[in-house]
Structure formats: structure tokens, C-alpha cells
Amino acid sequence: MRSRLRRARHTVGRYVDDRVVRWQTGTQEGQVAVLGVLAVLSAVILALSIVSYPVFPAFTFVIPLLLGSITLRFKPLLVLVGTIALFVAVTVTVESLETGMTTNRVSSLVMMTVVAGIQLWEARRRRSGLPGPLGEAMLVDLRDRLQAQGKVPPLPAPWHAESAMLTAGGVHFSGDFMVANLSEDERKLEMVLVDVCGKGVAAGTQSLQLAGALGGLIGALPPLALFAAANDFLMRQDWDEGFATAVHVTIDLRSGDYGIINAGHPPALHWHPGASDWKTDHARGTALGILQHPDFHETRGTLAPGEALLFFTDGVVESREQGVEEGVEWLRSVAARAVRPGFEGAAGRIIGRVKTKDDDRAVLLLARRD
């Protein structure tokens, strides 16, 4: 007997799990299963309402209605609304025959009609065609996948790289992003820090597109060709503000030799421990997505033991109170104090000192330990 119960419990559990997975993937079968569950719930409420209307009034049907609005597509939701409307008509008619139509009852019916209309309108205008949680999960999954390709892989000793990012208003989508690639022999490291024009959600979808394009090309094209391809990509987009600034660094992890290409981005900083100071790199170039044939200039140098390179977006140094040049001078002072305890955690300490919160902020640090 117990073994039969366990098998039955296991079978039911697998069935439920399968239906949940199907709903999460947005299949028609999953939608039908959820619609069936909500229809049964509505039928239970109907029965309870007929038995005891004061305890389960017509407004109780708002529970399956709200659940349907966050789990169903437009057409299944329309079926659910029609079913609930029928059940409400039945229970209100039965109760009204006994006690008459009251003002409170009419008010509840009007409110339910308004709620149902709003839910149908919201479901109809969803551009993804998916319920809110599924559409959000898909977008977040895409963001996470693209951000994963921007994480710097573990570097061989004595190298250290870290980044820190904060978004405008605390939203989870940013116009700032990074992509990185380490060669198979762990000798050549490439990193690109990008700032798409705009901030927060407004620039988030554009940065997702550009991050996908750059993530597929970094390591496959030379740095100048990579920026040329990114520029062509932005020129083809029909965006209101279709440009971005970027900085690219390529470094030989054996010799420390590096090259920096700047496309309209704030200047990189080079840490010299002997002078305890950050020196400004002079790489300059045109922002991506503005000219058909932008001009880029590369600077070269060598990162000796104890030295570091610092890259950042304009949200770190620019605000309404100060321009980029004043902000860079401020950053040189802040970053000098941030690396005194060591390079580990320095990116977080730097970005934590930024006072302005109305723009996306990103800091990338690459260091060669002693």
C-alpha cells in the first residue's frame, strides 16, 4: 500500500513538474494546463459563493483573474475572463433572487469589469506575447548570458582583473557593459568597456544588442577591425541615439606589452607605484555610430610589475557639477587611495566614492602584481 502511494506521489510530482516546465517555456500545452487549473479554482469559488455568498462574494473571483493575468497569454486569459464572467452572472443571479440587487453588489460588478478590462488590455499590448513573468525571465536570462561573456576569466599569476558596475536608479539593465576574451594559450587578453548612449532601461536593450555583436567578434578580429565592425553595426541601427563610446585593451600576459584604442571614451589611467600616481593615457578616437569611417589612434606601452590600468565610463567622472576633465583629476586622487591597501577590491572602493547616482557607472581594473 505504501509503495503504491509513493509511486502515485512520484507520478503526480513528475506530471506537475512537467507542466510547470512547459509553462515556463511558454508552450501552448503549458498555457492550457494553467487555464484548466484556474478554471477549476473559479468553479470552486462559484460553488462556495452559491452556498455562502456573504463569505464568498462575487469579488472573490478577482483571485483567479489576477493569477491569470500574470500566467496566461492574451487568448487563454480571454477564455478565463469569459468563464469568470459566466460564473459571476450565475452567483449574482442566484443571490439577487433571494435578497435583491444591492448597491454594494453593483459596485463590485463594476470594479471587476474594470479590473478585467485593464488585465485584458495589458495582456493584449505585450509585445513579446508572453505573460509578464515569462517575458521578464527571458529578458533577464538574455542579460545574464551576455554578462557572462563579459566576465574576465581567471588570469595566470601575477595578473589580476576586476570590475564594478552600478546602474542609474538601481535598475538591473545598464548602458554600460564589458566583453572579454582570453586566448587558449592564456597569453593574450582582450577587454572592451562600452558605454551606450543613454542610461538605465532606455539604453539597456541597445547595450544587449551591441554586447551580443561584440561578444561574438572579440578575439576573432583585430582590435581596429573589431571597432570598425561595431561602428558599422551601430550605423545600421534605427536608434534615436545610436552611438556608443568604447575603450579596447589588448595585453600580452607574458611581456606586459599592451595596446589601447579609444573610441570617444574617457581616457584610461596608468598606475605608476614609484610615483604613487595615475598617469593619463593619450589614446583618442571618434565615438562609434557617428561617422561612417571613424578615426582611431592606438597607444602602446608596457605594464611592469606593480603597475595597473584603470578604465571607466563617463558616469564615474562626469556630473552636472563637474566636467570630464575635472572628474578625471578627482578620480586620479580617489583611485590612488583605493589601491593603497592592494588591487583586490579596488574597483568597488572606487565606484563606491562616486557621488552622482543618475547615470550608469562602470570601472575596470587590470593589474600586474609584484
*Determine the minimum heavy-atom distance between A39 and L80, stating which atoms define it.*
N-CD1, 4.3 Å

*Measure up the F87 and F61 rings against each other and bin them: parallel (under 30°), tilted (30 to 60°), perpendicular (over 60°).*
tilted

*Could you tell me which residues satisfy side chain to side chain donor-acceptor pair (under 3.5 Å) with D314, sequence neighbours excluded, listed by chain and number?*
none

*asked:* Is there a side-chain contact between F311 and I260 in this structure, where contact means two heavy atoms from C-beta onward sitting under 4.5 Å apart?
replied: yes

*asked:* Treating N262 as the side-chain partner and V247 as the backbone partner, does any N or O pair qualify as donor plus acceptor under 3.5 Å?
replied: no

*Any donor and acceptor pair, going by atom type alone, linking the side chain of E307 with main-chain N or O of A304 inside 3.5 Å?*
yes

_D232 vs Q292 side-chain heavy atoms within contact, under 4.5 Å_ = yes

*Can you name the closest pair of heavy atoms from L77 and S69 and give their distance?*
CD1-N, 3.9 Å

*Find out if a path of hydrophobic residues (ILVMFWY) with successive side-chain heavy-atom gaps under 4.5 Å connects V324 to W330.*
yes

*May I ask whether L224 and V194 are part of the same hydrophobic cluster, defined by side-chain heavy atoms of I, L, V, M, F, W, Y residues being less than 4.5 angstrom apart, directly or through others?*
yes

_Partner residues of E329 under the side chain to side chain donor-acceptor pair (under 3.5 Å) criterion, sequence neighbours left out_ = R332

_Between I350 and L365, is there a side-chain heavy-atom distance shorter than 4.5 Å?_
no

_Min side-chain heavy-atom separation R369-P305 under 4.5 Å_ = no

*Could you tell me which residues satisfy side chain to side chain contact (heavy atoms under 4.5 Å, CB included) with M165, sequence neighbours excluded, listed by chain and number?*
M178, L193, A362

*Are side-chain heavy atoms of K188 and T250 found at a separation under 4.5 Å?*
yes

_Quick one, H270 with Y258, criterion ring-ring contact (aromatic ring centres under 6.0 Å, His included). Give me CA distance, side-chain angles, the key distance, then yes/no._
CA-CA 11 Å; H270 187 164; Y258 67 83; 5.8 Å; yes

*Restricting to pairs with a member in residues 39-65, which pass side chain to side chain donor-acceptor pair (under 3.5 Å), not counting sequence neighbours?*
S49-T91

*Within the distance-only criterion (no hydrogens, no angle test), does the side chain of R187 pair as donor or acceptor with the backbone N or O of L253 below 3.5 angstrom?*
no

_D281 versus R284, closest heavy-atom pair with distance_ = O-NH1, 3.2 Å

*For L214 and F233, what are the C-alpha separation, side-chain angles and deciding distance, and is it a side-chain contact (heavy atoms from CB on, under 4.5 Å)?*
CA-CA 10 Å; L214 285 175; F233 173 84; over 6 Å; no

*Is there a path of hydrophobic side-chain contacts, each under 4.5 Å between heavy atoms of I, L, V, M, F, W or Y residues, that connects I70 with V40?*
no

*Can you name the side chain to side chain contact (heavy atoms under 4.5 Å, CB included) partners of A287, sequence neighbours left out?*
F243, T245, I290

*Same apolar cluster: V249 and F312, side chain cutoff 4.5 Å*: no

*So, for F296 and A263, which heavy atoms are closest and what is the spacing to 0.1 Å?*
CE2-CB, 3.6 Å

*State, without any angle test, whether T313 and D176 hold a side-chain donor-acceptor pair at a distance under 3.5 Å.*
yes

*Is any side-chain heavy atom of I45 less than 4.5 Å from a side-chain heavy atom of P64?*
yes

*Measuring from T83:OG1 to L38:CG, what's the distance to the nearest 0.5 Å?*
10.0 Å

_Exactly one of D360, L166, V354 should register a side chain to side chain contact (heavy atoms under 4.5 Å, CB included) with V316. Which one does?_
V354

*asked:* Quick one: does any side-chain atom of E190 pair with a main-chain N or O of L182 as donor and acceptor, under 3.5 Å?
replied: no

*Joint hydrophobic cluster, V37 plus V62, side-chain heavy atoms closer than 4.5 Å*: no

*Check for a donor-acceptor pair, side chain of D295 on one end and backbone N or O of G285 on the other, with a separation under 3.5 Å.*
no

*Decide yes or no for V328 and L269: does some side-chain heavy atom of the first lie under 4.5 Å from some side-chain heavy atom of the second?*
yes

*Nearest non-hydrogen partners of T286 and P294, listed with the distance*: CB-CB, 3.8 Å

*Sequence neighbours excluded, which residues qualify as side chain to side chain donor-acceptor pair (under 3.5 Å) partners of E162?*
H160

*Measure across L226 and H248 and return the closest heavy-atom pair with its distance rounded to 0.1 Å.*
CD2-CD2, 3.7 Å

